[in-house]
Amino acid sequence: MSGRIVKIALDSPLDTEFDYRWQPTANEPEPQVGQLALVPFGRREVIGVVTAIGDASDYDATKLRDVIAIHSQLPALPPQWLALCRFAADYYQRPLGEVMLPCLPKGLRTETTVALDRALKKRAAAAMPAKPPKKSRIAKASAEAAKAEVPQATLPPEAGIDAEVPVPLSAPTLNPGQQAAVDAITASEGFAANLLFGVTGSGKTEVYLHAAQSVIAREQAKGHAAQVLILIPEINLTPQLEASVRARFPQTQVVTLHSQLAEGERLRHWIAAHYGDAAIVLGTRLSVLAAMPALKLIIVDEEHDPSYKQQEGLRYSARDLAVWRAHQLDIPVVLGSATPSVESWQHASTGRYRRLDLTQRAAANAQLPRVGLIDMEINKAPDGLSPPLVAALRARLERGEQSLLFLNRRGYAPVMHCDACGWISNCRRCTAFMVLHKPERRLRCHHCSLELRIPQSCPTCGNVDLQPLGRGTQRVEEHLQVLFPDARVLRIDADSTRRKGSAQAAFDAVHRGEVDILLGTQMVAKGHDFQRLTLVGVINPDTALFSQDYRAGERLFAQLMQVAGRAGRAAVKPGGEGNGARAEVLVQTRYPQHPLYRALLAHDYPGFAQATLDERRSASLPPFVFQALLRAEAKQLQSALDFLQAARDLMSCEGIMINDPVPMTVTRVAGVERAQLLVESNSRAQLQAFLKPWVAALREQKSRLRWSLEVDPVDI
Ligand code: ADP
Ligand code: ZN
Ligand code: ZN
C-alpha cells in the first residue's frame with residue numbers, strides 16, 4: 001500500500017467525510033487540510049475540502065479511489081474557517097460537506113480551475129505596482145482629503161472592484177453617546193458581544209465606521225493586517241451604507257458579498273476576503289461563512305432582521321453564527337438595532353451581551369416623530385385611506401414635503417370573489433389565494449408563482465362582475481392617483497422592482513426629491529435615510545396582532561418602529577426650520593388601545609420587549625425554551641404525518657418534549673403537502689444531545705420522502 005489517506009468533505013447528504021488515496025509524485029507537495037480537491041464520486045468528478053490527512057482508513061484501503069487533483073493554487077482554507085463550518089454542521093445537524101461546499105463560490109466548485117485561475121490572474125495583475133489606477137480629479141482630491149482621517153490601506157484597491165472612489169462624506173464628529181459606544185467596542189481586543197441599541201437616526205452607522213477604522217488602525221500600528229466583516233440584511237436596501245463605507249475608506253479594499261453578484265465577481269470578492277486583501281467585507285447573511293484570515297471585528301447591522309435566517313439548505317442564523325465566530329476568534333462583535341430581537345435583549349439583560357445605548361437622534365435637533373393612531377372604528381375609509389391621513393398627505397403636498405405610505409401587501413387585492421355564487425380565487429396547487437395583480441392583468445399565487453389571466457367571468461357561475469377583496473399596494477396607488485392627480489406617486493414593492501437596478505433607481509428618485517408620495521411594502525421600511533420625509537402613514541397593520549405565529553407581534557413592532565423611523569431624520573436649523581420639527585407618523589388601526597400600539601406611541605422599545613419576554617416566559621416560548629422543527633413533504637398529507645409520527649416514536653429522551661405532528665399553516669404548496677413536528681427542551685445542550693442520534697436514525701431510515709430539520713426555527 002502506497003500513498004496517504006485523505007479525508008474529504010463532499011456536498012453529499014451522506015453524513016460522513018470520504019476517504020481517498022493520494023499518491024505522492026515527485027513534483028507535487030503533500031495535500032494540506034483546507035485545500036480543495038477534485039475526486040471521483042460515483043460516476044462524477046466533484047470538488048471537496050480536505051479535512052484530514054493520515055495513513056489509516058476505516059475502509060478497505062485497497063478499494064479506495066485516488067484523488068484526481070489538489071487545487072493548490074488556492075491557499076488552504078484556514079483552521080478557523082473549518083472550525084466554523086464544523087460548528088455549524090454540528091449545531092444545525094447537517095453533513096459537514098453540505099455546509100462547506102455550498103458556501104463557496106460556484107467558480108471553486110467546478111471540475112475545472114478556469115474560473116479560479118482567471119480570478120487569481122486578475123488579483124495578481126491588480127497587485128502589480130504598475131500604472132497607478134486612473135481616477136477622476138475629484139476622486140483623487142477627496143482621497144487626499146480623507147487621508148488625514150483614515151487608516152491607510154494594506155493593499156491597493158483591486159481594479160474593477162472599487163476603482164471608482166466616490167466622494168467621501170465628511171465624517172461628523174461623534175456625539176458623546178456615539179463616542180462612548182465606539183470606545184466600549186474597541187476597548188477590548190478579545191471577545192465581547194455588544195448590543196448597540198440606538199433609536200432610528202441615532203447614527204449607528206457612524207459607530208460602525210469609527211469602530212472599524214479604529215480596529216484597522218490599531219492592528220496596522222502593530223504591523224498586523226486586520227479585516228472587518230459588516231453584515232447587512234439586504235444589499236439592495238442599504239446602498240447608502242455601502243456608499244458610506246467606500247467613501248470613508250477610499251484607500252482600503254472594500255468588497256461586497258451577496259447572492260446577486262455575478263459569478264465571476266463573487267469569486268473575486270471571495271478571494272479578496274480569503275487572501276486578506278479586502279480589509280472590509282460588506283455582505284448579506286452568506287458572508288458570515290466567508291474565509292477571512294485576519295478578521296478582527298464583526299458588525300451585524302439591524303440584527304433583528306428576519307433575513308439573517310436562511311430558510312433552506314443549511315437553515316442557519318447569520319447573527320448567531322457571527323456571535324459564535326467572534327467568540328471562537330476572541331474578537332468583539334457588534335449587534336446593532338433600534339428594535340433588537342427579544343433574544344438579544346434577553347442576553348443583554350442577563351449580562352451576556354453588553355448594551356450600548358444611543359438615545360437621541362444624531363442630526364442637529366432632529367427629534368423622533370410624533371406618532372398618532374387613527375381609530376378605524378370611527379374613521380371609515382372605503383378606499384383604505386382615512387380622512388385624517390388624507391388631510392395629512394394633502395398638507396405635505398402643499399408644503400412640498402415627502403410622505404411615505406406603508407402597506408405590507410403587494411398586488412392589487414389579495415383575493416377575487418364572486419358575489420353571486422361565492423367562488424373565490426383559490427390557487428389550485430396551494431392552500432392559498434391567487435392574488436389579483438391589476439396592471440399585469442394576472443392572478444398570481446405568491447406561494448407557487450402560478451399565473452393566470454384574470455377571468456372575464458366567474459369560472460363557476462358565469463357572473464361577469466367579479467370583485468376584488470381587500471387591498472394591496474397597487475390598489476392604494478390607484479386611489480392616490482384619483483385623490484391627488486397632480487402628485488408624483490411612486491410604488492416600491494417586489495413587483496415594481498423586478499428588473500435589476502430598478503429598486504436602486506426608485507430610491508434615488510426619492511432622494512432627489514422627484515417623488516411626493518412613496519408607497520410600498522417592507523422594502524421601504526428599512527435603513528433608508530430619507531431627508532425630505534415628514535409623514536409616514538401605516539395602512540391597517542392589524543392582521544399581525546392576531547397571527548398564530550408568536551413572533552408576529554415582535555416583527556410588526558420592529559417594522560413599525562423602522563418605518564416610523566424614516567420620518568423627520570433631517571437636521572433642524574435654529575429657529576425650528578427643517579423637516580425634523582413636524583415629522584409625524586399616523587397608524588390606521590381598529591385597536592388603538594392595543595399594548596403594541598401604546599408602546600409605539602411612546603417609542604418604548606424596552607417596555608415592549610420586556611412585556612413580550614414576560615409573555616414568552618409564561619407561555620414557555622423561546623428564548624426560554626429551545627426548539628427544533630422537523631418538516632416533511634409528500635404528495636399525500638397522511639404520508640407526511642405518518643413519517644413524522646414514526647420519527648416521534650423513534651426515540652424519547654428525558655427533558656425532551658416532542659409535540660404531535662401537525663399540517664403546516666399553508667399546508668399545500670405547488671401540489672406538495674407539508675407537515676411538521678416540534679421538538680422542545682428547556683436546555684439547549686439537552687436538545688442538541690437528543691438531535692444528533694435522532695437525526696442519524698432518521699437518515700438511517702432512508703425514507704424516500706423529503707424531510708428537513710431546522711434548529712431554532714423562526715416560522716412555526
Ligand atoms: P441609524 O442607522 O442609527 O438609523 P444613521 O446612521 O442613518 O442612523 O444616521 C442618521 C443621520 O444622522 C445620518 O444622516 C447621519 O449622517 C447623521 N449623523 C450621524 N452621526 C452624526 C453626528 N455625530 N453628528 C451629526 N450628524 C450625524
Ligand atoms: Zn360565481
Ligand atoms: Zn400556488
Side-chain angles (χ1 to χ4, degrees), residues 169-182 196-210 230 232-233 237-241 243-245 247-248 299 301-303 334 336-340 356-368 416-435 443-452 455-467 511 525-533 561-572 578-580 666-672:
L169 311 169
S170 57
T173 318
L174 296 183
N175 62 39
Q178 288 171 314
Q179 189 61 54
V182 172
L196 179 63
F197 169 53
V199 300
T200 53
S202 58
K204 293 186 282 296
T205 313
E206 281 306 322
V207 174
Y208 304 151
L209 296 178
H210 277 83
I230 306 179
I232 50 180
L237 304 183
T238 39
Q240 282 173 309
L241 181 57
S244 314
V245 175
R248 205 61 71 73
I299 292 163
D301 187 27
E302 308 290 6
E303 68 92 30
V334 181
S337 179
T339 52
L356 307 170
D357 290 1
L358 302 176
T359 53
Q360 306 280 317
R361 285 202 155 173
N365 301 315
Q367 299 292 315
L368 286 171
M416 271 191 106
H417 177 247
C418 169
D419 280 340
C421 75
W423 172 85
I424 204 153
S425 58
N426 283 311
C427 176
R428 57 178 146 82
R429 309 168 65 203
C430 308
T431 19
F433 298 128
M434 303 277 295
V435 178
L443 291 178
R444 266 194 199 143
C445 174
H446 290 182
H447 292 273
C448 73
S449 307
L450 179 67
E451 290 204 9
L452 300 172
Q456 301 282 331
S457 59
C458 174
T460 25
C461 77
N463 172 18
V464 291
D465 190 22
L466 292 177
Q467 295 297 323
H511 288 298
K526 295 185 186 173
H528 297 279
D529 193 9
F530 297 127
Q531 292 277 321
R532 303 161 195 268
L533 197 75
M561 289 282 275
Q562 288 294 331
V563 74
R566 298 314 107 211
R569 295 169 70 87
V572 179
N579 288 340
V666 180
T667 311
R668 186 163 23 95
V669 168
V672 177

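Counting starts at 1 for both ligands and their atoms, in listed order. We count residues from 1, following the sequence as given.
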Rounded distance (nearest 0.5 Å) linking atom CG of Asp301 with atom CD1 of Ile230: 8.5 Å

How many angstroms lie between atom CG of Asn426 and atom CZ of Arg428, to the nearest 0.5 angstrom? 12.0 Å

Would you confirm whether [X], through its side chain, and [Y], through its main-chain N or O, come within 3.5 Å as a donor-acceptor pair?
| X | Y | result |
| --- | --- | --- |
| Asn175 | Gly177 | yes |
| Glu206 | Pro172 | no |
| Ser425 | Phe433 | no |

Quick check: does His446 have an N/O/S atom under 2.8 Å of the Zn ion (ligand 3)? no

Any N/O/S atom of His447 sitting less than 2.8 Å from the Zn ion (ligand 3), backbone or side chain? no

Heavy-atom contacts under 4.0 Å between [X] and ligand 1: side chain, backbone, both, or neither?
| X | answer |
| --- | --- |
| Leu174 | backbone |
| Gln531 | side chain |
| Thr205 | both |

Looking at side-chain heavy atoms only, is the closest gap between [X] and [Y] below 4.5 Å?
| X | Y | answer |
| --- | --- | --- |
| Met561 | Thr200 | no |
| Arg248 | His210 | yes |
| Cys445 | Arg429 | no |
| Leu241 | Thr205 | yes |
| Pro455 | Trp423 | yes |

Nearest neighbour of [atom] from the list [options], on a heavy-atom basis:
| atom | options | result |
| --- | --- | --- |
| atom 8 (O) of ligand 1 | Pro172, Gly203, Gly177 | Gly203 |
| atom 1 (P) of ligand 1 | Ala338, Gly201, Gly565, Ser337 | Gly201 |
| atom 18 (N) of ligand 1 | Pro176, Gly198, Ser202, Ala362 | Ala362 |

Provide the number and element of each atom of ligand 1 under 4.0 Å from a heavy atom of [X].
| X | answer |
| --- | --- |
| Asn175 | 23 (N) |
| Thr173 | 22 (C), 23 (N), 24 (N) |
| Glu206 | 19 (C), 20 (N) |
| Thr200 | 4 (O) |
| Asp529 | 11 (C), 13 (C), 14 (O) |

If I apply the N/O under 3.5 Å rule, does Lys204 come out as touching ligand 1? yes

Below 4.0 Å from ligand 1: does a non-hydrogen atom of Val199 turn up there or not? yes

Minimal heavy-atom distance between His417 and Gly422, with the atoms involved, is NE2-CA, 4.1 Å

Rounded to 10 degrees, the angle SG of Cys461 makes with SG of Cys458 at the Zn ion (ligand 2): 110°

Angle subtended at the Zn ion (ligand 3) by Cys448 SG and Cys430 SG, to the nearest 10 degrees, is 110°

